[in-house]
Amino acid sequence: MPRRVSAALGAVGLALGMTLLLSVGAGTAAAEPPTRLPTYVVDSAEVITPEQRTELENAVDDLYNEHDIQMWIVYVRSFDGLTSEQWADQTAIASELGDHDALLAVATEDRAYRMFAPDSIGGLDQSTLDDVATNDVVPQLREGNWAQAGLGAINGLSNALDPSYTGVITAGVVGGAVVIGGGGAYLYSRRRKQRRIDGSVEALREQELTVDQLAEQPLDVLDPWSREVLTDLDNAIRTSEEELRLAVDEFGPAETAPFTKALERARRGLAQSFTTRQRLDDNVPETDDERRGMLVEIITSCTEADAALDDQVEAFDAMRNLLINADTRFDAITQQLIGLRARLDPATQQLTELTEKHGEQTLASILPNVELARQQIDFAEATADQGRAASAAPVGQQGPAVAAIRSAEGSIEQATVLLDAIDHADANIAAAQSRMPALIEEVEGELAEAASLTADGGPALATAAAAARTALDAARTGFDADPLGSFTALVDADADLDDALDAARDSAAERTRRAQVLTAALESATAKVTAASDFIGTRRGAVQSTARTRLAEAQRLLRSAQEAAGTDPGAATSTARRSGALADQALMAAQGDVVNWQQSQQPRSGGSSTAGAVLGGILVDSFLRGTISGGRGGYRGGYPGGFGGGFSSGGRSPGSFGGSGSSGRIGTGGRF
C-alpha cells in the first residue's frame with residue numbers, strides 16, 4: 001500500500017490549509033503557489049467532506065495495490081496566476097514525484113485542472129490520458145462533483161493500465177453520500193473476467209501447444225491454468241497411490257515396479273511444481289517475464305508427469321485384466337501348448353532331412369532348436385499349472401497368477417520362434433546365399449549414417465549400431481561356417497538399426513527445423529530492433545520514454561537470445577520473438593511521438609532546417625524559443641548537444657550535461 005503520512009505530516013497539511021485560508025480576501029480567489037504535497041489527498045479548497053476524503057484515500061490504496069501506481073489529488077482555489085501545466089509541474093518537482101506517481105490538480109475557482117502521469121507506465125499514452133480526462137474527469141468537474149472527479153481519474157487510470165480490472169474502484173461520492181453499486185460492478189467485472197479466463201483455459205485444453213506457444217499466453221490465463229494442472233496432478237497421484245498400494249499387495253513389488261517408478265517420477269515433478277508455486281505466492285515480487293517462465297514451468301512439468309502416469313494406464317489395466325480373465329487365458333495357453341507339442345516330432349524329422357541336404361555345419365544355428373523348444377514347452381506347462389492354483393486362492397493372494405500367465409506366454413512365443421526357424425530354414429539358406437552381399441552393403445551404409453546422427457540418436461542408436469557392427473563382422477568372417485546364423489543375426493540387427501535410424505532422422509529433422517525457426521526469429525528481431533533504433537536515433541528530439549524503454553528491453557532480449565542460441569534454441573527463439581514484439585511497440589510509440597511533435601510545432605518551428613535539427617535532437621526546442629541563457633536544458637554556450645541525460649523544457653535533448661525533473665510525462669488539462 002502507499003505510505004501513510006504521520007500525524008506530523010497531517011499537521012503540516014492542516015497548517016498549509018489554514019495559511020491559504022487566511023490569505024483569501026473577500027470575494028477573491030486565494031493565491032496558492034505550487035508546494036510540496038504532504039498527503040495523497042490535499043483539499044486546500046475545502047470542497048470535499050471527511051467521508052469523501054476517506055473514499056478517495058481508499059481508492060488511491062486500491063490503485064497502488066493493483067498497479068503499483070501512486071495517485072496524488074489536490075484541490076486548491078487558484079493556480080496563483082500560473083497555467084495549470086506550470087502549477088502541476090512545479091508541484092511535482094517540489095513533491096519529488098517519480099515514474100510511478102500520477103497527479104490530478106484542480107483549481108475550483110479558476111475552473112482549471114491538470115492531470116498527468118509518467119509515460120513509462122504501461123498501458124498509458126497521450127490519447128488514453130485524454131480519453132480519461134474527457135470521459136471521467138471533466139464532466140464531474142463541470143458539475144462541481146470534486147470527489148467524483150478524483151475517483152474518475154483513478155478509475156480511468158486503472159482501466160487503462162489493466163482493462164480486466166475494470167470497475168475495481170467505482171464507488172462514487174456525491175454530496176458526501178456514497179453511491180451504492182460500486183461493489184456490484186466490481187463483482188460483475190471479476191465474474192466476467194473469470195468467465196473469460198475460464199473460456200481461454202478450456203480452449204487451450206483442447207490444443208497441443210509447444211512451449212513457445214504456451215509462453216505467448218496471457219499471464220491471467222497461465223496462472224489459473226497452472227493452479228488447475230497442479231490440482232489435477234495432485235489428485236491423480238493420490239488416486240494412483242491408493243491403486244498401486246492394492247496392486248503391490250496383489251501382484252508383488254516385481255510386477256508393479258514400472259508403475260512404482262512412474263509414480264515416483266510424478267511425485268518429484270509435483271514437489272518441484274509446488275515449490276515453484278510457493279515462490280510465486282510469496283512476498284518476493286517477480287517480473288512478468290520471470291512469472292511467465294515459472295508458470296510455464298509448472299504447466300509443462302505437471303503435464304509431462306501426468307502424461308507419464310497415463311502412459312502406464314494401459315499396462316496397469318492389462319495387469320489387472322490378466323487376473324480377471326485368468327481362467328480364459330490359461331485355457332488359451334493349454335491349447336497353444338498342445339499345438340506346439342504336436343509340432344516337435346515333425347520338426348525333428350524335417351531337421352534330419354535338412355542336415356542331409358545342407359550338412360550340419362550349415363545348420364549349426366538351428367540344430368538345437370527342437371530340444372530348446374521342448375524345454376520351453378515343459379516350462380510353460382509347469383508355470384500354467386502354478387498359475388491356475390494361484391488364481392483359485394483367496395482374493396489378495398492371486399497376484400502370482402499374472403506372473404504365471406506372462407511367463408507361460410513368453411515361453412510359448414520362444415518355442416514358436418524356434419520351431420518356425422526349422423520350417424523356414426531351407427528358404428532362409430537360399431536367401432542368405434543370394435542376399436548376403438547386398439545386406440552387408442546396406443548395413444555398412446546405415447552405420448555410416450548412424451555415425452553422422454550420433455547426437456540425435458542418443459543411446460538407442462549407439463546400442464543398435466554396436467550390435468549391427470558385431471553382426472556385420474560375424475557375417476564377413478563366419479558366413480561360410482554358419483550362413484544361416486550369420487544371415488539371421490544380421491537381418492535382426494539391420495531391423496533394429498533401421499528403427500533407431502528412423503528415430504534419429506526425426507530428431508535431426510526437428511533439430512534442423514528448430515534451428516531454422518531460431519534463425520528466422522533472430523533475423524526478424526534483429527531487423528526490427530535495428531529499424532526501431534534507427535528511427536528513434538534520427539528523431540530523438542521528439543521520441544519520449546515509452547518508445548525508448550521498449551527499445552532498450554528489446555535490445556536486451558535480443559542479446560540474451562543470441563547468447564542462448566547455442567545452448568537452448570527453444571528459449572532463444574521465444575526470447576527473440578519477445579524482442580521483436582517489443583521493437584514493434586517501440587517503433588509504433590516513436591512514430592506516434594513524432595506525429596504529436598510535428599503537430600505541436602506548427603507555426604513556431606522557425607523553418608524546416610531548424611525544425612529538422614530539433615527533431616533529430618541536434619538542437620533543443622528551448623533554444624529555438626530563445627531561452628539561450630539560464631534554466632535547465634537551455635543553450636549554455638558551446639555545442640548545443642553534448643553528454644548528459646534528461647530533456648529540456650520543450651525539446652528532447654539536453655543543452656549540456658544535466659537532467660530534468662519533469663521528463664517523460666504525459667499530461668492534459670485546461671478549463672472546465
Side-chain angles (χ1 to χ4, degrees), residues 1-25 27-64 69-80 82 84 87-92 94-97 101-117 133 136-157 169 171-179 669 671-672:
M1 294 179 65
R3 53 190 181 278
R4 288 295 192 190
V5 296
S6 65
L9 286 178
V12 171
L14 179 59
L16 172 64
M18 292 300 294
T19 300
L20 293 172
L21 284 172
L22 290 173
S23 65
V24 177
T28 62
E32 301 183 48
T35 187
R36 183 180 182 87
L37 300 177
T39 66
Y40 290 102
V41 181
V42 175
D43 180 26
S44 302
E46 295 188 322
V47 293
I48 62 174
T49 66
E51 292 80 6
Q52 291 172 329
R53 174 190 289 275
T54 299
E55 190 70 23
L56 283 169
E57 289 174 342
N58 290 337
V60 168
D61 287 347
D62 288 341
L63 181 67
Y64 182 84
I69 301 301
Q70 297 181 135
M71 185 73 189
W72 302 78
I73 301 173
V74 55
Y75 302 99
V76 297
R77 289 186 169 85
S78 169
F79 283 148
D80 193 27
L82 301 175
S84 61
W87 196 95
D89 284 346
Q90 292 179 35
T91 295
S95 302
E96 299 183 75
L97 301 191
D101 294 289
L103 172 69
L104 173 64
V106 179
T108 58
E109 295 184 12
D110 282 355
R111 298 197 68 80
Y113 80 100
R114 182 69 178 174
M115 178 179 175
F116 73 67
D136 302 312
V137 178
V138 173
Q140 301 299 333
L141 293 176
R142 289 173 61 86
E143 297 297 325
N145 298 330
W146 312 114
Q148 185 66 24
L151 286 168
I154 296 172
N155 270 329
L157 288 180
I169 310 159
V173 183
V174 179
V178 177
V179 179
R671 302 297 300 277
F672 58 83

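Starting from 1, each residue takes its place in the sequence as its number. Here the structure is a predicted model, which means the values were calculated and not measured.
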- Query: Stepwise, does the side-chain contact (heavy atoms from CB on, under 4.5 Å) test hold for Ile73 with Ile154?
  - Reply: CA-CA 10 Å; Ile73 301 173; Ile154 296 172; 4.0 Å; yes
Item to complete: Show your reasoning for whether side-chain contact (heavy atoms from CB on, under 4.5 Å) applies to Gln148 and Gln52.
Response: CA-CA 9 Å; Gln148 185 66 24; Gln52 291 172 329; over 6 Å; no
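When all heavy atoms of Pro34 and Trp87 are compared, the closest pair comes out as N-NE1, 3.4 Å. Minimum heavy-atom separation, Val42 to Pro38: CG2-CD, 3.7 Å. The two residues Gly152 and Asp136 come nearest to each other via the heavy atoms O-CB, 3.4 Å.
At least one donor-acceptor pair under 3.5 Å links the side chain of Arg671 to the backbone N or O of Arg111. Judged purely by atom type and a 3.5 angstrom limit, Ser95 uses its side chain to pair as donor or acceptor with the backbone of Leu37.
You'll find the side chain of Leu104 reaches within 4.5 Å of the side chain of Met71, heavy atoms only. Between Phe672 and Val137, the closest side-chain pair of non-hydrogen atoms is not below 4.5 Å. Between Tyr40 and Leu63 the shortest side-chain heavy-atom distance does not fall below 4.5 Å. Side-chain contact between Tyr64 and Ile69 is absent, with no heavy-atom pair separated by less than 4.5 Å.
The closest side-chain donor-acceptor pair between Trp72 and Asp101 falls under 3.5 angstrom.
For Ala45, the side-chain contact (heavy atoms from CB on, under 4.5 Å) partners are Asp43, Val47, Tyr75, Arg77, Thr108, not counting sequence neighbours. By the side-chain contact (heavy atoms from CB on, under 4.5 Å) test, Ala107 pairs with Val76, Phe79, Asp110, sequence neighbours left out. Checked against side-chain contact (heavy atoms from CB on, under 4.5 Å), Val41 has the following partners two or more places apart in sequence or in another chain: Ile48, Arg53, Leu56, Glu57.
Note that OG of Ser84 and CZ of Phe116 are 11.5 Å apart. Values are rounded to the nearest 0.5 Å. Rounded to the nearest 0.5 angstrom, Leu97 CG and Arg36 CZ are separated by 8.5 Å.
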